[in-house]
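If you're wondering where the values come from, they're calculated on a predicted model, not measured in any experiment.
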Amino acid sequence: ERFEMISHIESWDDKDFYMTQKFMKDGHIIAEGSIKGRFKRRGKGSSTTPETFAAMNIPYEEQKLSDLAKSQKQIEKLLAVPLKEKEQSK
């Protein structure tokens, strides 16, 4: 089944991009979500957002985090605590 995906970069920090995505079919939203993503360098891990902007020949500007990005960071902090506790108990 074919659909159209629309991605929008909400904001970024020094490492990550925070995006919303909508999946459209016949002019209707059939699904939407939010993601945090990084761009990878071949064999060298992730690039920073300033490096990503430079690769696209776009001037880098620092940006305030959107509400989406702030929420994502809060969720990650909440989820990371139990993971760290599990690692320490091994």
- Listed partners of Ser11 passing side chain to side chain donor-acceptor pair (under 3.5 Å), at least two apart: Ser66

- Please report the shortest heavy-atom distance between Thr52 and Ser47, naming the atom on each side. OG1-OG, 2.8 Å

- Polar side-chain atom of Ser34 near backbone of Met19 as donor-acceptor pair, under 3.5 Å: no

- Task: Applying salt bridge (Lys or Arg N to Asp or Glu O under 4.0 Å), name anything that partners Lys73, two or more places apart in sequence or on another chain.
- Result: Asp13

- Query: Of the non-hydrogen atoms in Lys70 and Leu65, which two are nearest, and what is the gap between them?
  - Reply: CE-O, 3.4 Å

- Note on the structure: Residues at least two apart in sequence or cross-chain that pass side-chain contact (heavy atoms from CB on, under 4.5 Å) with Glu62, listed by chain then number, are Tyr60

- Item | Pairing residues for Glu61 by the salt bridge (Lys or Arg N to Asp or Glu O under 4.0 Å) criterion, not counting sequence neighbours | none

- Query: Can you name the closest pair of heavy atoms from Ile30 and Met24 and give their distance?
  - Reply: CG1-N, 4.4 Å

- Note on the structure: Residues Thr20 and Leu68: closest non-hydrogen pair is CG2-CD2, 3.8 Å

- Query: If you measure from NZ on Lys44 to CD on Glu51, what distance do you get to the nearest 0.5 Å?
  - Reply: 9.5 Å

- Task: Say whether Trp12 and Ile58 are linked into one hydrophobic cluster, either directly or through other cluster members, by side-chain heavy-atom distances under 4.5 angstrom.
- Result: yes

- Task: Check salt bridge (Lys or Arg N to Asp or Glu O under 4.0 Å) between Lys25 and all other residues, then give those that pass, not counting sequence neighbours.
- Result: Glu1

- Task: Kindly work out whether a path of hydrophobic side-chain contacts (I/L/V/M/F/W/Y, heavy atoms less than 4.5 Å apart) joins Phe53 to Phe39.
- Result: yes

- Message: Check this for me: Lys36, atom NZ, are more than 12 non-hydrogen atoms of other residues, nucleotides or ligands nearer than 6.0 Å?
- Response: yes

- Task: Taking all heavy atoms of Lys40 and all of Ser46, pick out the closest pair and write down the distance.
- Result: CD-OG, 3.7 Å

- Message: Run the side-chain contact (heavy atoms from CB on, under 4.5 Å) test against Gln21 and tell me which residues pass, sequence neighbours left out.
- Response: Met5, Ser7, Phe23, Ile35

